[in-house]
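Residue numbering restarts at 1 for every chain, and letters A, B, ... go by the order of the sequence lines.
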Amino acid sequence: MNVIQTEEGILLQDIEHFHPGHIFECGQAFRWNWDGTGYTGVVQNKVLRIFQRGRHVLLQDASLEDYHILWKHYFDLDKDYGLIKKSLSRDRILAKAMEYGWGIRILNQDPFETLISFIISSNNGIKRIKGIIENLSKRFGEKISWKGREVFRFPKAESLAAASIEDLLSCGCGYRAPYVKKTASMVADGKLDLDRLKKCQYEEAFELLLTCSGVGPKVADCVLLFSLEKGEAFPIDVWIKRIMVALYFGREVSAKELKAFAAERFGPLAGIAQQYLFYYARERKIGQKKQRDG
DNA sequence: AAACAGGAACCAC
DNA sequence: GTGGTTCCTGTT
C-alpha cells in the first residue's frame with residue numbers, strides 16, 4: 001500500500017484487506033452512515049467521508065497529519081491482515097467466511113464511546129442503537145461545523161455523568177438510562193481508568209469492565225475487542241451463537257462452551273474470527289430464524 | 001394490536 | 001453460580 005496526499009485527501013493506494021462496507025456493516029461501529037457513494041462518520045473531533053475507488057481507498061479531505069495521528073491506528077493499518085488470514089484459513093469454515101468479508105478490519109475506537117455504545121446495544125437492534133447514539137451526541141456532544149452542516153461529537157464522560165435520567169430517557173435509552181449515567185460517572189470520577197485497561201491483560205480488564213453498571217460479559221468483550229486491542233475477546237450474542245450452532249456444532253451450546261471453543265480454536269485471533277463469521281452468516285443468512293429478502 | 005427482539009440486573013435457590 | 005423474570009421501545 002502507498003499513502004499519498006492528493007487534492008481530494010489521502011489516498012490509500014493498492015490497499016489490501018480493506019473494504020468500508022465490510023468494516024462498517026459487521027456491527028462494530030455505530031456512527032458510520034452509507035449515503036449511496038461512500039460512508040460518513042464522526043471520530044473524535046473529525047468528520048470523515050470514505051470511498052472505495054477500485055483498488056484504492058480515499059479518506060476525503062484528510063490531511064497527512066490526521067492520517068498519522070488518527071486514521072492509521074483507527075483503521076488498524078499497522079496490523080498484517082494477510083498474516084491473520086493465513087493463520088485462520090486452516091479452518092475451512094473461516095476460509096469461506098474470509099472470502100466473503102475479505103475487507104473486514106477491527107477498528108480501534110475510543111474506549112469511552114465504545115463502552116457507552118455497547119451498554120446501549122444490550123437488548124437492542126443496530127438501527128435503534130444508532131438512533132440513540134445520534135440523539136445522545138446531539139444533546140450532549142460538542143458541535144463540529146462540517147461543510148456548512150452541524151455534526152456532533154460523541155459526548156464526554158463528564159457530560160453524560162451530569163445528564164439527568166429524564167434527558168437520557170428522552171434520547172431513547174430506556175431502562176439503560178441509569179446504566180449510562182452510572183458508568184459515565186465511574187469514568188468521569190476516575191474510578192474506572194480506561195487508558196489503564198489497555199495495558200492490562202485480557203482477564204483483568206474483563207473483570208474491571210464487569211464492575212460497570214450495564215456491562216455484562218458480551219458488552220465487556222465488545223469494548224475489549226473494539227477499543228482496547230484485546231484480540232482474544234470473543235463477544236457472544238444471540239447472533240454469533242446461532243451462527244456457531246449452525247456452522248460448527250449442530251446442537252445447542254452454552255455461552256461458556258462457546259467461549260472455551262473460540263479460545264482454543266482461534267486463540268488471540270478469536271475476535272477477528274468472530275467478525276468474519278458474523279458478516280458471512282448475515283450475508284448468507286445462515287442460522288437466522290427468519291429469512292429476509294435482500 | 002398483542003407479540004416479539006435483544007443483554008444485563010436482580011432476586012431466589 | 002445457576003435459573004427465571006423483568007427492564008424499554010421500535011417493529012411487525
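- Between A:Arg49 and A:Asp61, no side-chain nitrogen of the basic residue sits less than 4.0 Å from a carboxylate oxygen of the acidic one, so the salt-bridge criterion is not met.
- Axis deviation across the helix from B:dA2-C:dT12 to B:dC13-C:dG1 amounts to 40°, comparing end segments of five pairs, rounded to 10 degrees.
- Atom CD1 in A:Ile133 sits about 16 Å away from atom C1' in C:dG10, given to the nearest Å.
- Going from atom NZ of A:Lys241 over to atom P of B:dA5 covers 14 Å, rounded to whole Å.
- A centroid separation of less than 6.0 Å is found between the aromatic rings of A:Phe18 and A:Phe75.
- Judged by the 6.0 Å and 45° rule, A:Arg149 forms no cation-pi pair with A:Trp146.
- Ring-plane geometry between A:His22 and A:His19 is classed as tilted, the angle between the planes lying from 30 to 60 degrees on a 0 to 90 degree scale.
- Distance, A:Ile132 CD1 to C:dT11 C1': 14 Å, rounded to whole Å.
- The CD1-P distance, from A:Ile126 to C:dT11, rounds to 14 Å in whole Å.
- Spacing between atom CD1 of A:Ile120 and atom P of C:dT9 amounts to 13 Å, rounded to whole angstrom units.
- In this structure A:Arg128 satisfies the salt bridge (charged side-chain N to carboxylate O under 4.0 Å, His left out) test with no other residue, sequence neighbours excluded.
- Between A:Lys256 and A:Gly174, it is A:Lys256 whose nearest contact on DNA chain C lies nearer the 5' terminus.
- The CD-P distance, from A:Glu252 to C:dG3, rounds to 14 Å in whole Å.
- Heavy-atom contacts from other residues, nucleotides or ligands closer than 6.0 Å to NZ of A:Lys147 number more than 12.
- Side chains of A:Asp221 and A:Gln274 form no contact here, defined as non-hydrogen atoms less than 4.5 Å apart.
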For nucleotides 7-13 of chain B, just jot down a letter per nucleotide in 5' to 3' order: B, S or -, based on protein non-hydrogen atoms under 4.0 Å. BSS----
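- Under a cut-off of 6.0 angstrom, the local environment of NZ in A:Lys259 is crowded, with over 12 non-hydrogen atoms contributed by other residues, nucleotides or ligands.
- A salt bridge links A:Asp76 with A:Lys79: the distance from a Lys NZ or Arg NE/NH1/NH2 to an Asp or Glu carboxylate oxygen falls below 4.0 Å.
- The distance from atom CZ of A:Arg128 to atom P of C:dT12 is 13 Å, rounded to the nearest whole Å.
- Within the 4.0 Å cut-off from OP1 or OP2 of C:dT6, not a single side-chain nitrogen or oxygen of A:Arg176 is found.
- Distance, A:Glu207 CD to C:dG1 C1': 14 Å, rounded to whole Å.
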